**Q** 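The structure follows.
Note: hydrogens, waters and symmetry copies are ignored here, and every other heavy atom, side chains too, is used. Predicted, not measured: the structure shown is a model, and the values here were computed from it.
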Amino acid sequence: MALLAIICLAVLIAMAPVAIAIGDFSRARHVVYGVCLAASFALLVVALTALLGSSGAPSVATLPLGLPWLGAHFRLDALSAFFLAVVNLGGAAASLFAIGYGRQERAPWRVLPFYPAFLAGMSLVVLADDAFTFLVSWEFMSLSSWALVMAHHRESDNAHAGYVYLVMASFGTLALLLAFGMLAGPDGGYAFADIRAGHPSAGLAALVLVLALIGAGSKAGLVPLHVWLPLAHPAAPSHVSALMSGVMTKVAVYGFVRIVFDLLGPPEWWWSMVVLVLGGATAVMGVLYALMQHDLKRLLAYHTVENIGIIFIGLGLALAFKAYGMEFAAALALTAGLLHVFNHSIFKSLLFFGAGAVLNATGERDMEHLGGLIHRMPQTAFVFLVGCAAISALPPLNGFVSEWLTFQAILLSPQLPSWGLKFLVPAVGALLALSAALAAACFVKAYGVTFLGRPRTPAAERAQEVDQFSLSAMYVFAALCLIAGIVPGFFIDALAPVAQSLVGNSMPFQAGVEWLSIVPIAEGRSSYNGLLVFLFIASSGMLAAFAIHRLASDKLRRGPAWDCGYPDASPAMQYTADSFAQPIRRGFGTIVFAAREQVEIPPPGDLRPARLTAELRDLVWDWLYAPVAGGVSFAADRLNRLQFLTIRQFLSLVFAALVILLLVLAIWP
């Protein structure tokens, strides 16, 4: 059934150019996105059926494709079923959103053919059961998403974003190719079943771990491999940005989990230290970079980096507990990480939908050119507020639950026998707490500057609410943020087969706990009831509203709002995104961003305005990627001279190479 739905998407890839050639873009848009919606929904049903009603035996299929002696193997087990559900829930919502959003698409012929290819590629990755099929699907996913990033290639910086993305995607694929080659060994057992049966040495396993971190981490956005993400995600159309940020990065997480937890065998304790350090650094660096952004989509892209760090913190903890045989604690940490995979796919897609709605209504992504949209786009403002609260880990929404479970796993770290982990895990917990606090500050800025206050430009003043298709997709995900937050036990129980298959244990059954509470460890130690928190917040809010409107004085008195001493009510006097981030920039800027501030104050009598200029740098790019790019350019310039050699010089060069190779073979023991 799953493969049939993917075949439908493949047929759509071939049919989309035909529909576009006819010239009826409106009909082509409805057909392409409608079929994608139906196919994604069918795949979602298949995935949920396999995850919730599975008897434990995975479904397998082999097609006569790929390598002649291998074929193309596909497998639907608990892990792939969970990620297939994440992929196609996001795909269905993005397709629904795109039916309305696509009306404003300026280059539909550059988007429609590649959109179903992107969805099919992501689904094939999580279903693949051999290295060849996995890598081909991975590259298919990367190339189709690159084509979507380049849809608006004539806009400023989009071509550069596509170039950086293609280079990083190729680098990540190369790392995964080497990892699978080492796992397959000299016998070339590329099927995952053969790889599981092998037992790599400790050194080889460590090298595969590093390659998996590079290959999957570059696609997920781990620091310092994140540089493509804040460039590519804003460049793509907004529904594609939602898929790349909310879904494709989770496919990369799947690749890491499949290799390290499933194919690589029992972990060593120190593996977790590498993953935890990278996860903690990624979480803090991502949110700090997000706080400095004015571009709404770029801010959301950097927050994907932060949440990928949170997910890898959970995975690192699971590796540590699994290495020491603490299966229950490993199940808790793994469930926390995977639950955050689901939660992030929901609220980040919702936020990108909201950013796309704002972009459609105003033509602006710069928050400094927005403001006051809550009066002109009240429904978008409401659902965007739900997404902001969810990503800020505020109860009773879903973002709080997975981060709270991660903290519960961190509190079990004193039971670990390794002193290195006893010191490292609390430090990572502090980084997680810092990132959560900064995330809340960041989305106060994002929501306040974008939706509150007065319009800063005529475009914001003329904005109108978006279409019903776009609003429907946003409302569905806003409702999921609330449902997953108030009854998280059902979602935790759904992950039990995944944890059982990967770490040998699962969290206690949560749906049977009284009042729909969740008890991750023991009732006397920790518990959380999202339903009661929601009822308390709702009842308190209604009681306060009743008291204000019914019990307060009915005399109406109007007066000027507090204006900080400025009588001018101009939008120019409002708090800006830059001024909001200034205290944090001054606190962290010199270390993280090498920030420089230049103040120009004219002398008395001079009518020129005062200016404050802030310059930020991406130190990862300056210290790692810029030298590499410079070295490649230098080497290319030198090697370019080889094009102008004569025939005699070419023959001499070939002869010298043959002599050197023969000498190497003769000396080689």
**Q** Against L79, only a single residue in V126, L502, L495 fulfils side-chain contact (heavy atoms from CB on, under 4.5 Å); can you say which?
**A**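 By the side-chain contact (heavy atoms from CB on, under 4.5 Å) criterion, L79 pairs with just one of V126, L502, L495: L502.
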**Q** Determine, using ring centers only, whether F443 and Y447 are less than 6.0 Å apart.
**A**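 No, the ring centres sit 6.0 Å or more apart.
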**Q** Can you name the closest pair of heavy atoms from A478 and V383 and give their distance?
**A**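 A478 and V383 have their closest heavy atoms at CB-CG1, 4.1 Å.
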**Q** Between OH of Y289 and CG of L229, what distance do you get to the nearest 0.5 Å?
**A**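 CG of L229 is found 13.5 Å from OH of Y289.
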**Q** Pairs in or reaching into residues 365-392: which pass salt bridge (charged side-chain N to carboxylate O under 4.0 Å, His left out), with residues at least two apart or in two chains?
**A**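 Every pair satisfying salt bridge (charged side-chain N to carboxylate O under 4.0 Å, His left out) with a residue in residues 365-392: D295-R365.
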**Q** Which heavy atom in L411 sits nearest to a heavy atom in P414, and how many Å separate them?
**A**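 In this case the closest contact between L411 and P414 is O-CD, 3.3 Å.
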**Q** Measuring only between side-chain heavy atoms, which start at C-beta, is Y302 closer than 4.5 Å to R298?
**A**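 Y302 vs R298: side chains touch.
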**Q** Any heavy-atom pair between the side chains of L480 and N398 that's under 4.5 Å?
**A**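 Not touching, per the 4.5 Å side-chain cut-off.
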**Q** Stepwise, does the side chain to side chain contact (heavy atoms under 4.5 Å, CB included) test hold for H303 with V287?
**A** CA-CA 6 Å; H303 259 285; V287 71; 3.6 Å; yes
**Q** Contact between V253 and T249 at the side-chain level, heavy atoms closer than 4.5 Å - yes or no?
**A**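 No, too far: nothing below the 4.5 Å cut-off.
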**Q** Taking the side chain as every heavy atom from C-beta outward, state whether L84 and L51 have any pair of such atoms under 4.5 Å apart.
**A**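 No, side chains not in contact.
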**Q** Name the residue from K297, K348, H233 that meets the side chain to side chain donor-acceptor pair (under 3.5 Å) definition with S241.
**A**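 When side chain to side chain donor-acceptor pair (under 3.5 Å) is applied between S241 and each of K297, K348, H233, only K297 qualifies.
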**Q** Please identify which of these residues, F347, F407, Y528, meets the ring pair (Phe, Tyr, Trp, His ring centres under 6.0 Å) condition with F400.
**A**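 Among F347, F407, Y528, the one meeting ring pair (Phe, Tyr, Trp, His ring centres under 6.0 Å) with F400 is Y528.
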**Q** Just wondering, do M244 and F352 contact through their side chains at under 4.5 Å, heavy atoms?
**A**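 No. Closest side-chain heavy atoms not under 4.5 Å.
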**Q** Judged by modelled atom types alone, do Y33 and H239 share a side-chain donor-acceptor pair under 3.5 Å?
**A**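 The criterion, which ignores hydrogens and geometry beyond distance, is satisfied for H239 and Y33.
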**Q** Are the side chain of Q379 and the backbone N or O of E465 linked by a donor-acceptor pair below 3.5 Å?
**A**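 No, Q379 side chain to E465 backbone: no donor-acceptor pair under 3.5 Å.
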**Q** Assign the ring pair F382 / Y475 to parallel, tilted or perpendicular, where the plane angle (0 to 90°) is split at 30° and 60°.
**A**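 Aromatic pair F382/Y475 classed tilted.
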**Q** Roughly how far, to the nearest 0.5 Å, is the OG atom of S345 from the NE2 atom of H340?
**A**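 These two atoms lie 10.0 Å from each other.
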**Q** Indicate yes or no: at least one non-hydrogen side-chain atom of L332 is less than 4.5 angstrom from one of L317.
**A**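 SC-SC contact between L332 and L317 ruled out.
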**Q** State, yes or no, whether a side-chain contact exists between L276 and I313 at a heavy-atom distance under 4.5 Å.
**A**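 Touching, per the 4.5 Å side-chain cut-off.
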**Q** List the atom of F384, the atom of L296, and the distance in Å for their closest heavy-atom pair.
**A**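 For F384 and L296, the tightest heavy-atom pair comes out as CZ-CD1, 4.2 Å.
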**Q** Minimum heavy-atom separation for A459 to E364, with atom names?
**A**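 Answer, listing the atom of A459 first, then E364: CB-CG, 4.4 Å.
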**Q** I would like to know whether F97 and V476 meet side chain to side chain contact (heavy atoms under 4.5 Å, CB included); could you show each step before the answer?
**A** CA-CA 11 Å; F97 179 84; V476 168; over 6 Å; no
**Q** Rounded to the nearest 0.5 Å, how far apart are CG of L338 and OG of S402?
**A**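 Output value for this atom pair is 11.0 Å.
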**Q** Taking Q510 for its side chain and V519 for its backbone only, find out whether a donor-acceptor pair lies under 3.5 Å.
**A**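 Looks like yes, one N/O pair under 3.5 Å.
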**Q** Grab the two heavy atoms, one from R456 and one from G371, that are nearest each other, plus how far apart they are.
**A**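 Shortest heavy-atom separation between R456 and G371 comes out as NH1-CA, 3.6 Å.
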**Q** What is the distance from atom CD of E306 to atom CG of L300, rounded to the nearest 0.5 Å?
**A**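 One gets 11.5 Å once the value is rounded to the nearest 0.5 Å.
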**Q** Do the non-hydrogen side-chain atoms of W404 and I518 ever get within less than 4.5 Å of each other?
**A**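 Yes, at least one pair of side-chain atoms sits under 4.5 Å.
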**Q** Taking it one step at a time, do V257 and L315 satisfy side chain to side chain contact (heavy atoms under 4.5 Å, CB included)?
**A** CA-CA 8 Å; V257 173; L315 298 179; 3.9 Å; yes
**Q** Testing the basics here: between A463 and T362, what is the closest heavy-atom pair and its distance to 0.1 Å?
**A**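 Heavy-atom minimum between the residues: CB-CG2, 3.7 Å.
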**Q** For the side chain of K250 and the backbone of G246, is there at least one donor-acceptor N/O pair under 3.5 Å apart?
**A**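 Yes; at least one donor-acceptor contact below 3.5 Å.
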**Q** Could you give the distance from NE2 (H294) to CG (L370), rounded to the nearest 0.5 Å?
**A**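 Rounded to the nearest 0.5 Å, the NE2-CG separation comes to 12.5 Å.
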**Q** Roughly how far, to the nearest 0.5 Å, is the CD1 atom of I99 from the OG atom of S470?
**A**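 Atom-to-atom, S470:OG and I99:CD1 are 9.5 Å apart.
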**Q** Just by modelled atom types, is the F536 backbone N or O under 3.5 Å from a matching donor or acceptor in the S539 side chain?
**A**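 Such a contact is found between S539 side chain and F536 backbone.
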**Q** Under the criterion side chain to side chain contact (heavy atoms under 4.5 Å, CB included), I'd like the reasoning laid out for N88 against V46: C-alpha separation, chi angles, the key distance, then a yes or no.
**A** CA-CA 10 Å; N88 287 283; V46 170; over 6 Å; no
**Q** Does atom CZ of F328 have more than 12 heavy-atom neighbours, drawn from other residues, nucleotides or ligands, at distances under 6.0 Å?
**A**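 More than 12 heavy atoms, drawn from other residues, nucleotides or ligands, come within 6.0 Å of this atom.
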**Q** Residues two or more places apart in sequence or in another chain: which of them pass side chain to side chain donor-acceptor pair (under 3.5 Å) with T282?
**A**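 For T282, no residue satisfies side chain to side chain donor-acceptor pair (under 3.5 Å) once neighbours in sequence are set aside.
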